[in-house]
Amino acid sequence: MTTDASRPTIPSTPGEPLTVGVEEEFLLVDPGSARTAPVSERVLARVGTDPSPDGGGYRFELHATQVEASTGVCTALTGERGVAGQLADLRARLAAAAREEDVLPVASGTPVLGCGTPHFTPGDRYGRIAAHYAGTMEHYEMCGCHVHVGVPDPETAVAVVNRLRPWLPVLLALSVNSPLHRGRDRGFASWRIAEEMRFPGAGVPPWFDSATHHRAVLDRMVETGALADHGMTFWLARPSPRHPTVEVRVADTAPTVGEAVLQAGLVRALVRTALIDAERGAAPPRPDDQETAAALWNAARHGLDGPLVHPRTGRLVPAREAVAALLEAVTPALEESGDLPLVRRLLDGLRANGTGADRQRAAWREGGPAAVIAASAIPTTGEPDVVSGPGAPHAPAEGRPRIPDTPAGVGAPVRRRTPTPAGTAAGTPSPAAPPEPEARREDLPSPFHFDPASPSRGQEPPHA
């Protein structure tokens, strides 16, 4: 018999916030060529991989062109020791270390140009993963923003993930930040999601009857060779294989601290809402797998610039209606944690500035790859006005590099030492920069156009 697995005890008293942590993946980019650079070993040697006093720190990723920064366990979204403060510190320290190695850490879900040759990070597990997935991993330099929310046990985690399924596409639409990949606009606001769908165990997770059922499915997927190991699912929400948390990793890497905090706030509120609904015995929503797949496709394709599938009705609606449904659903949880004013301000900032995909495309039109890299690079001075919103669209903040355009539209030459990237022979030269790729869209204009500069946007707020 199918059950909800969903009568957990809420692991905190009303008003006591659930714990939350955020992991962010970034690209390391050579500003001269606008290509990703396989120098994570050198960058992480400078910044260090030992945990900070807050428990956060840095990790290697599969490709040597990427790094991960993660907060410790937080109870607040703002403040020096909250999510915002820790992310700002992690980003600033990473930016300083990367610049010492003549590269820029870039907050984009996909590389604008990519790396000419794949460079996998050394290590047994990385090598096994690369071999298992063969050519599908060669240029998989995708970066996401993962939010962890503490739960007491695996049974609770599975019950919460079941209830999150309809909301994942809306979270993606708010976070899209990967329209460009390997020199072309792919016509998707999140090309990262399109790339991920090539893998088994991807997309919105299926319904699981219990933690035992979840484990049995993973076991079968590993036994049949679909997964390299139990930690390699690409599901966009899952019980974390490493922590006592629900891990939601639907979002593209956030362009700013503010947008990462927005994801953290919404995800934590969704988890809290799921726990409360489960304890009350409220029937969980159970859209079928094809419906959730269609909803995810729409969100990846359009972001907030077109129709989305309404998370409650399953009907195609303007994006603002789907976002309004999300905000309505989590408002009680946000009021309980005191985060509602912050989340509203961050949504207002997103409405005013557009998504990361909007800003990347605007920068691309203005200056090609170099402009996108300059706009997406993490500044060294932090982002102090996270509470008031994400900031101006693709305008270089203080500490953000301004890369002058050349006739080729890439970047001005910079001082570079001979690269010795991890996983390659010492002294292997970086691939030459290509001519500026043709800036083009592979899609037709949407009748649901969601233009961040449109005057009507101020008259009809899509988020309220």
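Here the structure is a predicted model, which means the values were calculated and not measured.
Screening Arg186, Arg184, Arg182 against Trp191 for a side-chain contact (heavy atoms from CB on, under 4.5 Å) leaves a single residue, Arg186. A salt bridge (Lys or Arg N to Asp or Glu O under 4.0 Å) with Arg59 is found for exactly one of Glu24, Glu25, Glu68, namely Glu68.
For the side chain to side chain donor-acceptor pair (under 3.5 Å) test, residues two or more places apart in sequence or in another chain that qualify with Arg268 are Asp339. In this view, Asp288 satisfies the salt bridge (charged side-chain N to carboxylate O under 4.0 Å, His left out) rule with no residue, not counting sequence neighbours. Scored by the ring pair (Phe, Tyr, Trp, His ring centres under 6.0 Å) test, His310 finds no partners at all (sequence neighbours excluded).
Interatomic distance, CG of Leu334 versus CZ of Arg272, reported as 12.0 Å (0.5 Å rounding). Taken to the nearest 0.5 Å, the CG atom of Leu262 stands 9.0 Å off from the OG atom of Ser175. Note that CG of Leu236 and CG of Leu296 are 6.0 Å apart. Values are rounded to the nearest 0.5 Å. Going from atom CG of Asp252 over to atom CG of Leu172 covers 6.0 Å, rounded to the nearest 0.5 Å. A distance of 6.5 Å separates OG in Ser40 from CG in Leu28, rounded to the nearest 0.5 Å. Distance check: Asp30 CG to Glu101 CD gives 12.0 Å after rounding to the nearest 0.5 Å.
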Start with the C-alpha gap between Val267 and Val246, add the side-chain angles, then the distance that decides, and say whether side-chain contact (heavy atoms from CB on, under 4.5 Å) holds. CA-CA 10 Å; Val267 169; Val246 166; over 6 Å; no
Could you walk me through whether Thr273 and Asp277 pass side-chain contact (heavy atoms from CB on, under 4.5 Å), step by step? CA-CA 6 Å; Thr273 302; Asp277 287 348; 3.7 Å; yes
Run the side-chain contact (heavy atoms from CB on, under 4.5 Å) test on Val149 and Val248 for me, step by step, so that the C-alpha distance in whole Å, both residues' side-chain angles and the decisive distance to 0.1 Å come before the verdict. CA-CA 8 Å; Val149 179; Val248 176; over 6 Å; no
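For Glu328, the CD atom is loosely surrounded, since the number of other residues' heavy atoms within 6.0 Å does not exceed 12. For Arg81, the CZ atom is loosely surrounded, since the number of other residues' heavy atoms within 6.0 Å does not exceed 12.
Between Asp348 and Arg344 no salt bridge is recorded (no basic side-chain N to carboxylate O distance below 4.0 Å).
In this structure, a donor-acceptor pair under 3.5 Å is present between the side chains of Thr245 and His148. Side-chain contact annotation: Glu141 with His63, donor-acceptor N/O pair under 3.5 Å absent. In this model, a donor atom of one side chain and an acceptor atom of the other lie less than 3.5 Å apart for Gln360 and Ser108. With 3.5 Å as the limit, one finds no donor-acceptor pair spanning the side chains of Asp289 and Thr292.
Arg359 is listed as a side-chain neighbour of Thr256, based on a closest heavy-atom distance under 4.5 Å.
The closest donor-acceptor contact from the side chain of Thr36 to the backbone of Thr65 lies at 3.5 Å or more, if one exists at all. For Arg165 (side chain) and Val161 (main-chain N/O), no donor-acceptor pair under 3.5 Å exists by modelled atom type.
Using the six-membered ring where Trp is involved, Trp235 and His214 have ring planes that are tilted, between 30° and 60° apart.
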